[in-house]
Amino acid sequence: MEQHIRLALLAAAPELFGSNITEDLIQFQQTRKDVEGDLTLVVFPFVKLLRCSPQEAGNKLKNWIEANVSGVSHCVVINGFLNIVLTNAYWLEQLSQMQAQPNYGFAAANSKPTVMVEYASPNTNKPLHLGHLRNIFLGAAVAEILRAVGHKVVRTQVINDRGIHICKSMLAWEKFSPVNARGERETPANTGLKGDKLVGKYYVEFDRALQIEAKAIMAEWQSGNFSDTPEAIQQAVLNFEQAKQDKDEKAQAAIDDKIKELAKNQTSILQEAKQMLVKWEARDPQVYLLWTTMNGWVYAGFDQTYAQMGVSFDKLYYESDTFLLGKDQVMEGLKAGVFYQKPDGSVWIDLTADGLDEKLVLRSDGTAVYMTQDIGTAIDRFKDYPDLHGMVYTVGNEQDYHFKVLFLILQKLGYTWANNCFHLSYGMVDLPSGKMKSREGTVVDADDLMAEVIEKANAMTQERGHLEGLSEAERQALYTQIGIGGLKYYLLKVDPKKRMLFNPEESIDLTGNTGPFLQYAHARISTLLEKASYQAKAVDLSTALRPEEKEIVKQLSYFEHALQEAAKGYSPALLANYTYELVKLYNTFYQSVKIVIEPDQEVRQLRLELSAQVRQTIAKSLALLGIAAPARM
RNA sequence: GGUCCCGUAGCUCAGUUGGAUAGAGCAACUGCCUUCUAAGCAGUAGGUCUUUGGUUCGAAUCCAAACGGGAUCACCA
């Protein structure tokens with residue numbers, strides 16, 4: 001409709017304003033709730049052109065639009081705003097279009113280019129936590145939203161399965177895992193522990209052993225005993241100690257950290273871990289077997305967690321396969337003059353002209369850094385998917401700078417698709433007690449949290465739900481849908497780029513702006529339609545339409561716009577907020593009028609059609625957000 | 001210190017091409033189940049949109065500075 005009026009105004013500009021006008025003068029917005037109107041045209045831009053008061057200009061536009069635009073009932077001019085009231089027939093026509101197209105609001109599948117969406121990307125030495133939940137729910141929802149607007153989507157994750165941190169848990173397991181009567185060390189099978197939890201336990205175990213050993217070394221240094229310490233380190237420690245005098249507390253703390261670092265490096269256990277990494281890189285059979293075994297445990301654990309979360313992937317990338325990639329690209333870029341080499345052999349890129357710093361892309365010993373690998377992986381993905389058009393990286397905002405640099409490098413290497421790469425940057429999830437710190441044990445474990453919200457949903461549903469006739473299995477499934485749905489909504493309703501606070505009590509709330517609120521509306525409409533023995537019927541365009549009914553049609557008709565905005569902004573929150581508004585509107589309607597028990601058959605049918613459309617729209621939105629829409633609860 | 005992000009009600013958050021009297025939820029208080037699911041609805045109360053200046057018909061929104069919070073600036077990933 002906006003477009004319709006816009007074009008009409010553009011065409012009629014000479015007649016109306018005495019000259020042609022530019023499109024940006026025509027500004028539409030949603031009409032305020034408390035005034036009459038369905039669509040508002042801002043009059044101010046035309047005031048200068050017409051050289052008259054806003055009121056006169058408004059009246060001129062009002063008269064012209066009322067006389068010349070079909071679908072317009074009448075207009076009201078208030079304070080420089082032209083509020084356009086559309087005809088009931090127009091709105092009923094909208095409703096009938098929704099009825100006719102079950103996919104109303106969605107674009108044709110694969111009508112847009114292929115996009116790869118990366119999310120999750122965990123380490124294999126630790127279980128998933130709350131931060132991963134935001135990452136994964138966000139990435140998965142964005143993937144669905146992009147698909148809904150027509151993109152072909154490849155969902156992927158990079159599994160960080162190599163490096164010194166992985167060797168730490170392997171080593172700790174070898175050293176500290178108790179041996180049972182049958183001579184076996186701990187496994188998920190003989191302990192009943194989830195694989196990722198078991199491996200995570202030994203990662204923590206490693207750190208504990210490291211701390212103890214480092215403390216002992218520092219104590220020796222403190223007492224002046226450097227017998228086992230290389231000369232250079234001894235000197236460094238003494239220098240640092242010297243520098244500590246007459247400095248502020250912050251500097252002292254920094255120096256203490258440095259000494260601690262040196263001590264850790266001196267520990268035998270870290271040395272062993274490093275040796276293990278060297279062996280791994282040399283494909284030592286024993287180390288490799290241990291690595292594949294323990295990673296296998298972790299993957300089994302992750303699969304369980306992903307299943308509970310209701311997310312999946314189309315393609316997996318393993319860092320152990322990709323970490324060598326990128327070196328060739330760097331060498332080629334070096335030849336092309338994009339990079340330069342320092343005398344020690346390290347390769348750099350100078351981005352100072354772009355307002356950034358110099359950045360290392362290859363170590364002096366020729367090994368790859370994170371950036372090298374990301375360059376290689378990106379290029380590789382475009383080889384894997386020849387029709388790939390762009391990528392979305394769902395990664396926390398602490399890596400904003402990294403991705404800025406990565407995309408710039410890819411651009412400079414001549415890859416035009418670098419312009420279609422987007423870092424979906426999201427803010428940290430804070431706890432009421434402050435930041436999550438794995439060191440301090442304040443991390444909220446993903447499995448524990450999901451179990452907790454399901455338990456809560458269980459208790460609340462027993463208390464107030466409508467479960468008659470459901471089997472025990474169906475009930476359990478429902479608790480999961482409600483608990484996980486609530487958690488997803490809680491994490492998705494906030495603008496992704498904003499840092500957010502995770503309040504454990506609010507996250508399992510069922511009232512207000514929550515997942516269960518939307519699910520409840522869906523369930524209530526479902527049973528309502530069932531009770532009414534609802535049969536879809538095309539609406540008659542001459543049916544009477546009351547204001548409260550029109551409001552619902554209007555909000556339903558915004559679905560496509562909300563979806564488009566969510567896709568454009570990579571923000572499921574926009575879709576979540578739209579749906580919340582729709583449900584609130586419908587709930588008000590539901591409480592104020594009769595539907596099933598409405599005696600007038602024509603009115604009853606219209607209200608049932610509206611209810612059916614609202615239900616369908618809720619279901620679509622929830623599906624895009626990855627949230628289940630139960631038929632009863 | 002450089003760069004980037006953020007600052008809206010007691011709390012958590014909406015408010016997107018600048019637009020009308022800045023909106024929700026939670027918490028508090030008042031009503032509404034003998035009519036379709038009250039996980040709901042109606043209402044009361046709660047604001048110096050961090051501050052100052054600028055741009056203009058008009059600023060929570062754009063610009064600048066200050067203040068406050070966070071991230072980042074590794075031959076870590």
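Lettering follows sequence order; numbering is per chain, from 1. If you're wondering where the values come from, they're calculated on a predicted model, not measured in any experiment.
- Spacing between B/rC62 and B/rU16 at atom P, rounded to whole Å, works out to 10 Å.
- A residue-by-residue look at A/Glu565 and A/Leu501 shows that A/Leu501 has its nearest nucleotide of RNA chain B further toward the 5' end.
- Per the stacking criterion (ring centres < 5.5 Å, plane angle < 30°), A/Phe44 does not stack onto the base of B/rG58.
- A donor-acceptor contact under 3.5 Å links the side chain of A/Asn83 to the base of B/rA20.
- Interface remark: the A/Thr514 side chain does not form any donor-acceptor pair with the B/rA39 base, using a distance-only criterion of under 3.5 Å.
- Atom C1' of B/rG15 sits at a distance of 8 Å from the matching atom of B/rA60, rounded to the whole Å.
- Among the candidates A/Arg524, A/His522, A/Glu530, the single residue satisfying the side-chain contact (heavy atoms from CB on, under 4.5 Å) test with A/Ser526 is A/His522.
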Could you please spell out the steps behind the salt bridge (charged side-chain N to carboxylate O under 4.0 Å, His left out) verdict for A/Glu474 and A/Arg632? CA-CA 11 Å; A/Glu474 286 169 327; A/Arg632 52 188 295 191; over 6 Å; no

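- The aromatic rings of A/Tyr490 and A/Phe502 lie perpendicular to each other, with more than 60° between the two planes, well past the 30° mark.
- Stacking of A/Tyr590 onto the six-membered ring of B/rG40 is not present when judged by under 5.5 angstrom between centres and under 30° between planes.
- Applying ring pair (Phe, Tyr, Trp, His ring centres under 6.0 Å) to A/His423 and the options A/Tyr393, A/Phe403, A/Phe407 leaves one that passes, A/Phe403.
- Only the P atoms considered, B/rA20 is 13 Å distant from B/rU61, to the nearest whole Å.
- Comparing A/Arg499 and A/Ser346 along RNA chain B, the residue whose closest nucleotide (by nearest heavy atom) sits nearer the 5' end is A/Arg499.
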